[in-house]
2 protein chains.
Amino acid sequence: MSALSPLTPHQATIFNLLKTLESEVSAQMIYAELRQQKHRLGLATVYRGLKHLQLQGAVQARLLSNGEAVYSLVSEEKLYVTCVKCGISVPLAYCPIDEQVLPQALSLRFKIFYHTLEFFGLCSPCLEQETVA
Amino acid sequence: MSALSPLTPHQATIFNLLKTLESEVSAQMIYAELRQQKHRLGLATVYRGLKHLQLQGAVQARLLSNGEAVYSLVSEEKLYVTCVKCGISVPLAYCPIDEQVLPQALSLRFKIFYHTLEFFGLCSPCLEQETVA
DNA sequence: AATGATTAAGATAATGATTATCATTTTAAC
DNA sequence: GTTAAAATGATAATCATTATCTTAATCATT
């Protein structure tokens with residue numbers, strides 16, 4: 001991850017909160033938590049801050065099957081097993097060397113139907129926009 | 001993919017439409033297309049039919065970053081590159097042997113921030129429910 | 001320090017895909 | 001053929017997210 005462009009106080013607050021968490025959190029949860037901590041910010045600011053951090057490559061987002069997005073620091077590659085029925089999504093350790101990951105998933109008693117590997121980043125037009133802007 | 005439990009006419013119609021398509025489609029698009037073809041069905045039926053097919057392991061879903069779900073037949077593993085800014089998502093050929101996939105993505109001029117690998121299936125409780133029900 | 005321009009933030013309305021609801025129809029079993 | 005179960009249609013409800021618009025903060029320049 002390259003150096004972050006300067007963050008506003010709110011953006012830094014959000015970023016710092018994410019640093020203290022080990023699991024993914026939704027924007028709504030971040031909002032609730034920060035309000036709990038007596039920070040005065042709006043929900044829209046949380047969404048905007050997360051978007052900003054994401055465009056910096058500092059934060060990653062993942063969509064749960066209920067349509068909710070969860071955020072975390074950009075980290076080592078992660079592997080999830082998600083139930084297509086109830087939507088439960090559990091993270092697994094993933095070792096790219098040892099492809100014994102499927103048996104591990106099966107040991108959790110998941111019946112696997114399919115999997116998806118996705119890369120996220122900026123497409124060329126958006127990258128240019130970010131670079132000049 | 002194991003044998004499908006009997007499909008209702010509408011479910012079969014949806015399944016057959018997916019068979020004729022090579023790209024992912026949203027439920028809304030399926031609905032519009034089938035209405036176009038003079039099929040009399042409701043939008044809710046499309047969603048229910050897709051859910052049913054998904055629980056059979058016949059259809060896979062993927063959430064776009066705009067929150068919309070797109071569906072396709074369960075197929076070979078697929079790899080996508082998604083822009084975190086504009087949300088454009090382009091499929092790539094994926095060869096599990098040849099890990100030259102990142103260079104390929106880069107050749108498309110994506111600046112990659114992170115990637116995610118997800119398995120989808122049924123968790124143990126849901127699998128039992130499906131089995132008995 | 002004041003000015004003007006740009007960006008950030010707050011509050012809240014609008015959006016839109018998906019899900020829930022419920023009455024009705026179809027299907028399947030006995 | 002009657003009954004129970006499942007499927008369907010139509011539409012209202014949900015809810016995370018985005019858009020909007022006004023106000024506040026920031027910052028460079030004079």
Discussion item. At under 4.0 Å between heavy atoms, how does the protein contact nucleotides 24-30 of chain C? Give one character per nucleotide, 5' to 3', with B, S or -.
Written reply: -------
Worksheet item: When hydrophobic residues are tied together by side-chain contacts of less than 4.5 Å, even through go-betweens, does A/L43 share a cluster with A/L18?
Response: yes
Worksheet, complete the sentence: side chain to side chain contact (heavy atoms under 4.5 Å, CB included) filter on A/I88, not counting sequence neighbours, yields A/C83, A/C86, A/V90, A/F110, B/C123
Worksheet item: Where along residues 18-33 of chain B does a heavy atom come under 4.0 Å from DNA chain D, residue by residue in number order?
Response: none
Discussion item. If I take atom CG in residue B/L7 and atom P in nucleotide D/dT8, what distance separates them, rounded to the nearest angstrom?
Written reply: 10 Å
Discussion item. Quick one: does any side-chain atom of B/R62 pair with a main-chain N or O of B/A69 as donor and acceptor, under 3.5 Å?
Written reply: no
Discussion item. Checking B/T116 against A/Q60 for the side-chain contact (heavy atoms from CB on, under 4.5 Å) test, could you report, in this order, the C-alpha distance in whole Å, the side-chain angles of both residues, the deciding distance, and whether it holds?
Written reply: CA-CA 10 Å; B/T116 302; A/Q60 65 178 300; 4.2 Å; yes
Worksheet item: What residues, two or more places apart in sequence or in another chain, satisfy side chain to side chain contact (heavy atoms under 4.5 Å, CB included) together with A/T45?
Response: A/H10, A/R48
Fill in: Linked, directly or transitively: A/L117 and A/V81 (ILVMFWY side chains, under 4.5 Å)
yes
Worksheet entry | Sequence-distant partners of B/Q11, side chain to side chain contact (heavy atoms under 4.5 Å, CB included), two or more places apart | B/L7, B/T8, B/H52
Practice prompt. Could you pull out all residues at least two apart from B/Y71 that satisfy side chain to side chain donor-acceptor pair (under 3.5 Å)?
Written response: none
Output a table of nitrogen or oxygen pairs between the protein and nucleotides 6-8 of chain C separated by less than 3.5 Å.
none

Worksheet item: Of the nucleotides C/dT18, D/dA19, D/dA10, which one has an atom closest to the side chain of B/R35?
Response: D/dA10
Worksheet entry | d(CG, A/L43; C1', C/dA9) in whole Å | 12 Å
Practice prompt. Ignoring backbone atoms, establish whether A/Y47 has a side-chain N or O less than 4.0 Å from OP1 or OP2 of D/dT17.
Written response: yes
Response to the item:
Whole-Å distance, B/K51 NZ to C/dT19 P, equals 7 Å
Discussion item. Just to be sure I understand: a Watson-Crick pair is purine N1 to pyrimidine N3 plus N6-O4 or O6-N4, both under 3.5 Å. Using that and G-U wobbles, which stems of three or more pairs involve DNA chain D?
Written reply: C:1-30 with D:1-30
Worksheet item: B/L17, B/V46: one ILVMFWY side-chain cluster at the under-4.5 Å cut-off?
Response: yes
Item to complete: Could you tell me which residues satisfy side chain to side chain donor-acceptor pair (under 3.5 Å) with B/Q37, sequence neighbours excluded, listed by chain and number?
Response: B/E33
Worksheet, complete the sentence: For B/E68, the side chain to side chain donor-acceptor pair (under 3.5 Å) test, sequence neighbours excluded, returns none
Discussion item. Taking side chain to side chain donor-acceptor pair (under 3.5 Å) as the definition, give me every residue that meets it alongside B/Y31, ordered by chain and number, with sequence neighbours left out.
Written reply: none
Worksheet item: Passes side chain to side chain donor-acceptor pair (under 3.5 Å), A/Y114 versus B/E118? Steps please.
Response: CA-CA 8 Å; A/Y114 63 91; B/E118 287 191 69; over 6 Å; no
Worksheet item: Which whole-number value in Å describes the distance from B/E68 CD to D/dA16 C1'?
Response: 15 Å
Worksheet item: Can you check the B/I14 CD1 to D/dA7 C1' distance for me, whole Å?
Response: 12 Å
Discussion item. Between P on D/dA16 and CG on A/L50, what's the gap in Å once rounded to a whole number?
Written reply: 15 Å
Practice prompt. May I have the distance from B/L55 (atom CG) to D/dA7 (atom P), rounded to whole angstrom?
Written response: 12 Å
Worksheet entry | Interatomic distance where CG belongs to A/N66 and P belongs to C/dT18 [whole Å] | 12 Å
Worksheet item: Residues in side chain to side chain contact (heavy atoms under 4.5 Å, CB included) with B/K19, at least two apart?
Response: B/F15, B/N16, B/L73
